[in-house]
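A quick note: this is a predicted structure, and the numbers were derived from the prediction, not measured. Throughout, protein chains are lettered first and strands after them, A, B, ... in sequence-line order, and every chain is numbered starting at 1.
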Amino acid sequence: MSKALLEDLEWRGLIAQSTDRKELETALAKPISLYLGVDPTAPSMHLGNLVVFLVLRRFQLAGHRPIALVGGATGLVGDPSGKNDERTLNEEKLVADWVSKIRKQVEKILDFKDKGVSAKLVNNLDWTKSVSALELLRDIGKHFSVNQMLAKDSVATRLSSTGISYTEFSYQVLQAYDYLELYRRDQCKLQIGGSDQWGNIVAGLDLIRKVEGGSAHALTVPLLAKSDGSKFGKTASGAIWLDENMTSAYEFFQFWLNSDDADLPKLLKVFSMKDRAEIERLIETVKVNPGAREAHRELAREMTALIHGQQVAKSVEEAAKALFGQGEIGDLDLKTLDSALSQLPKTTIKKGDPYPSWVDLLAATGVVDSKSAARRIVKEGGGYLNNKKVESEDFTPSKNDLLHGKYLLLRKGKRDLAAVEVIS
RNA sequence: GGCGGGUUGCCCGAGCGGCCAAUGGGAGGGGACUGUAAAUCCCCCGGCUCUGCCUUCGAAGGUUCAAAUCCUUCACCCGCCA
């Protein structure tokens with residue numbers, strides 16, 4: 001079991017670094033507890049976080065017990081890893097709010113009902129907040145060598161550039177303490193994380209060895225990049241978030257569907273829970289018949305269902321199918337149109353009110369940033385009403401343009417859609 | 001502490017009194033080609049009540065008919081010396 005899991009992770013390209021492979025294999029021969037932490041630095045996790053959480057899920061599926069740690073405490077301090085500048089501290093209340101939002105997302109990814117290896121969710125604030133400064137310095141701090149702390153990449157990088165505050169410098173101590181705590185209370189023997197977490201994780205291993213004389217393990221996952229080397233999981237409008245209010249389910253689905261063919265093999269391996277044989281089959285379809293985008297679609301379905309639920313995934317896919325279909329948009333029946341448009345950003349206008357001009361409408365729906373941008377788009381032939389190009393800047397839609405007497409479908413470019421609904 | 005260099009639009013980076021909303025590259029956007037892909041080619045890329053007007057060149061003052069460009073003060077960064 002242990003060997004198969006590690007081999008699978010290896011094949012998927014999900015192992016960046018680990019402590020001694022043989023020992024890790026041995027440890028994994030029996031079910032163990034392992035943990036993964038996220039710091040609440042935003043109201044939602046994004047695809048980068050998801051990668052590592054899916055690895056945690058893979059461990060759970062292989063029979064191990066996952067502990068998801070949300071860093072209510074560490075999030076207040078700020079991790080210097082991978083950051084060029086000191087971060088501004090967030091309000092406690094805000095962080096607490098983010099913690100609760102992230103919790104909900106974690107609950108979708110891991111199985112909390114599994115009888116044997118039910119997942120567990122913890123918040124490091126619970127054991128950190130009552131520790132006094134003196135206790136921390138005497139009981140924990142004593143085991144840290146500043147020499148070693150300074151040598152850590154995250155710290156060294158900052159020392160040679162913009163500097164680092166005592167607060168962020170102490171981050172690794174807190175994270176190490178987390179590992180120790182989980183080692184003690186849950187016999188947690190493995191911590192996983194993004195490859196930028198290696199230093200922090202190792203700090204924990206050292207602490208466990210010094211304080212408890214115990215041995216624990218570490219495994220990191222590579223940071224994901226696209227085939228062209230650019231950062232993965234970013235679009236023009238920013239990161240792809242798991243929160244529906246930040247990245248709609250429709251956008252989320254479209255993100256996968258529109259992925260570069262060249263990235264598909266990697267994406268499938270990293271994100272999909274499908275087995276190796278199935279993934280290899282899908283990769284083959286990309287080569288044989290790329291235009292069909294079967295693999296894109298499968299992945300989009302799987303990911304959307306995981307994060308937004310089966311139902312939503314289905315309706316979002318249907319919406320895309322209807323809106324991008326070959327036929328006349330006006331031929332869609334009202335029911336299909338209703339549900340398709342419900343997935344899009346929408347603005348309303350009151351029945352009887354004068355219709356805004358074409359340019360105003362584009363700007364109002366948010367498909368373009370400003371009226372200037374809207375004019376530009378129209379001039380360039382990138383504005384479409386009900387899937388028909390409208391090149392005149394002074395055009396104003398009218399009642400006759402309404403679909404089923406209530407909708408206008410706006411589009412910028414090839415796939416940026418929005419809806420306008422006339423309400424009474 | 002002393003001397004010198006820097007801070008420009010999303011990022012990098014020119015400009016160094018009027019011709020500057022500001023050269024060039026990247027990112028991004030539109031079009032063509034396609035498959036709601038990539039590559040390629042063409043075009044665009046501060047805002048608005050758009051033949052004009054308004055706001056931008058670290059911050060605040062000042063000189064001038066006119067400043068991103070000159071002067072003063074402040075903040076931050078980077079070198080060299082102590």
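Between the C1' atom of B/U36 and the CD atom of A/Q343 lies a distance of 17 Å, rounded to the nearest Å. Atom pair A/D260:CG and B/A38:P shows a separation of 6 Å (rounding to whole Å applied). Separating the CZ atom of A/R297 from the P atom of B/A37 is a distance of 12 Å, rounded to the nearest angstrom. The interatomic distance linking A/D369 (CG) with B/G29 (P) rounds to 11 Å, in whole Å. Atom CG of A/N289 and atom P of B/A38 are 17 Å apart (whole Å). As rounded to whole Å, 21 Å separates atom P of B/G35 from atom CG of A/D263. The nearest whole Å value for the distance from the NZ atom in A/K371 to the C1' atom in B/U49 is 8 Å. One atom, CG of A/L299, and another, C1' of B/A37, lie 14 Å apart when rounded to the nearest Å.
Residue-level contact check: A/K412 touches the backbone only, with heavy atoms under 4.0 Å from sugar-phosphate atoms and none from bases. Residue contacts shown for A/G291 include a base, since a base heavy atom lies under 4.0 Å away. Heavy atoms of A/A292 sit nowhere under 4.0 angstrom from any nucleic acid atom. Nucleic acid contact for A/L257: base, since at least one base atom lies under 4.0 Å from a heavy atom of the residue. If you check every strand for non-hydrogen atoms under 4.0 Å, A/S370 touches sugar and phosphate atoms only.
Taking side-chain N and O atoms only, A/R376 has no distance below 4.0 Å to OP1 or OP2 of B/G28. In this model, the phosphate group of B/G31 is approached by a side-chain N or O of A/Y384 to a distance below 4.0 Å at OP1 or OP2. In terms of phosphate contacts, A/K414 brings no side-chain nitrogen or oxygen within less than 4.0 Å of OP1 or OP2 of B/A32. Regarding contacts with the backbone of B/C43, every side-chain N or O of A/K379 stays at 4.0 angstrom or more from both OP1 and OP2.
For A/R293, whose side chain is taken as the heavy atoms from C-beta onward, the closest listed nucleotide among B/C44, B/C48, B/U36 is B/U36. For A/E380, counting side-chain heavy atoms from C-beta on, the closest listed nucleotide (B/G35, B/U36, B/C43) is B/C43. Listed candidates were B/G31, B/G30, B/G35. Nearest to the side chain of A/D261 is B/G35.
Comparing B/G61 with B/C11, their P atoms sit 25 Å apart, to the nearest whole Å. Between B/G79 and B/G13, the distance separating the two P atoms is 15 Å to the nearest Å. Straight-line distance between the P atoms of B/G24 and B/U56: roughly 24 Å, to the nearest whole Å. B/G31 and B/U69 are spaced 40 Å apart, taking the P atom of each and rounding to whole Å. Here, B/C57 and B/A67 have their P atoms 13 Å apart, quoted to the whole Å. Nucleotides B/U40 and B/U55 place their P atoms 41 Å apart, quoted to the nearest Å. A gap of 28 Å separates the P atoms of B/U7 and B/C54, to the nearest Å. Between B/C48 and B/A37, the distance separating the two P atoms is 28 Å to the nearest Å.
In this pair, A/W256 and A/F252 present their aromatic rings perpendicular. The plane angle is above 60°, beyond the 30 to 60° band.
A distance-only check finds a donor-acceptor pair linking the side chain of A/N123 to the backbone of A/G72 [under 3.5 Å].
Between A/K371 and A/V359 the shortest heavy-atom distance is O-CG1, 3.8 Å.
Between A/S372 and A/R411, the one whose closest nucleotide on RNA chain B sits nearer the 5' end is A/R411. Where A/A320 and A/A373 meet RNA chain B, the nucleotide closest to each residue was compared, and A/A320 sits on the side nearer the 5' end.
The closest side-chain donor-acceptor pair between A/Q175 and A/Q191 falls under 3.5 angstrom. For the residue pair A/T74/A/N124, the side-chain donor-acceptor check at 3.5 Å is satisfied.
Shown here is A/D369, whose CG atom has no more than 12 heavy atoms of other residues, nucleotides or ligands within 6.0 Å. Residue-environment remark: NZ (A/K314) stays at or below the threshold of 12 foreign heavy atoms within 6.0 Å.
Salt-bridge formation is detected for the pair A/R209/A/D206: a Lys NZ or Arg NE/NH1/NH2 atom is positioned less than 4.0 Å from an Asp or Glu carboxylate oxygen. In summary, A/K93 and A/D97 do not engage in a salt bridge, as defined by a charged side-chain N under 4.0 Å from a carboxylate O.
Paired runs in RNA chain B that reach 3 or more consecutive Watson-Crick or G-U pairs, where each pair keeps both distances under 3.5 Å, cover B:1-7 with B:75-81, B:10-12 with B:24-26, B:28-32 with B:40-44, B:46-48 with B:52-54, B:58-62 with B:70-74.
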